[in-house]
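See structure below.
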Amino acid sequence: MAETVQIEAYVGLGSNLGDPAAQVKHAVEALGAVPATRLVACSRLYRSRPMGPQDQPDYVNAVARLVTTLSPHALLDALQQIESARGRVRGPERWGPRTLDLDLLLYGEEVIGDARLTVPHAGLKERSFVLYPLFDIAPELILPDGTELKELLACCPRDGLTPAAP
């Protein structure tokens, strides 16, 4: 009988609509309920300025650490189901306001690039709202390309990132 392989995955969470802190907290609870997946840790919440158009509210961000036996695409499907359940509507606008955004940042040591999924996440290395929460829960993390998380953090200004009120 084949042994089921458990993969450590990291998910970025963000929201700037409909009580963003509550949206992120509900999403963390939902991540803990994904089949064949265990929530291991979640960073504290951070507040960040929007990446795209500035005429939208600030974001609340966090990063969750999971252990899963789901394939990367099955995990992506689960993340998108959680987004939909929280009122996420995917429109043509990139970086616009949203009730919930869940990004699969890392999936073990895998490097994936297909029509649906890019892992490691394309913006992971330069986004303060990803790197600082990721460091909260995995300070010794090394990316699939051998880059140490702490090296990236040393080169990444906070860019207005602040801990969110509890």
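At distances below 3.5 Å, not a single donor-acceptor pair connects side-chain atoms of N61 with backbone N or O atoms of F129. Of the possible polar contacts, one joining the S71 side chain to the A74 backbone as a donor-acceptor pair under 3.5 Å is found. Proximity of a side-chain donor or acceptor of T99 to a complementary backbone N or O of L17 within less than 3.5 Å is not detected. Within the 3.5 Å criterion, the main-chain N or O of I137 finds a donor-acceptor partner in the side chain of R65.
Judged as a salt bridge (Lys or Arg N to Asp or Glu O under 4.0 Å), the pairs with a partner in residues 110-124 (not counting sequence neighbours) are, in order, D77-R116. The list of salt bridge (Lys or Arg N to Asp or Glu O under 4.0 Å) pairs with a residue in residues 32-48, not counting sequence neighbours, reads R44-D136.
Here CG of L134 is found 8.5 Å from OG of S43. Values are rounded to the nearest 0.5 Å. The CZ atom of R98 lies 8.0 Å from the CD atom of E83; values are rounded to the nearest 0.5 Å. Here the straight-line distance linking atom CG of L13 with atom NE2 of H26 works out to 13.0 Å at 0.5 Å rounding. Once rounded to the nearest 0.5 Å, the distance linking OG of S15 with CG of L45 reads 10.5 Å. To the nearest 0.5 Å, the span separating CD on E29 from CD1 on I82 amounts to 11.0 Å.
By the 4.5 Å side-chain criterion applied to Ile, Leu, Val, Met, Phe, Trp and Tyr, V67 is assigned to a cluster that also includes V40.
Salt bridge present: E140 and K150 bring a charged side-chain N and a carboxylate O closer than 4.0 Å.
The salt bridge (charged side-chain N to carboxylate O under 4.0 Å, His left out) test applied to D103 returns no partner, not counting sequence neighbours.
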May I have the step-by-step check of side-chain hydrogen bond (donor to acceptor under 3.5 Å, both in side chains) for Y107 and E109, ending in yes or no?
-> CA-CA 6 Å; Y107 183 87; E109 295 294 316; over 6 Å; no
Determine, stepwise, if the pair Y10 / L141 fulfils side chain to side chain contact (heavy atoms under 4.5 Å, CB included).
-> CA-CA 11 Å; Y10 293 88; L141 184 69; 4.0 Å; yes
Side-chain donor-acceptor distances from residues 152-162 under 3.5 Å, at least two apart:
residue: D159; atom: OD1; partner: R49; partner atom: NH2; Å: 2.9

Would you tabulate the side-chain donor-acceptor contacts of residues 142-149 under 3.5 Å, counting partners in other chains and residues two or more places apart, or write 'none'?
residue: D145; atom: OD1; partner: T147; partner atom: N; Å: 2.9
residue: D145; atom: OD1; partner: T147; partner atom: OG1; Å: 2.8
residue: D145; atom: OD2; partner: K125; partner atom: NZ; Å: 2.3
residue: D145; atom: OD2; partner: T147; partner atom: OG1; Å: 3.3

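When V34, L102, L105, L76 are each tested for a side-chain contact (heavy atoms from CB on, under 4.5 Å) with V11, only one passes: L102. With respect to L66, the side-chain contact (heavy atoms from CB on, under 4.5 Å) criterion is satisfied by exactly one of I7, L104, L39: L39.
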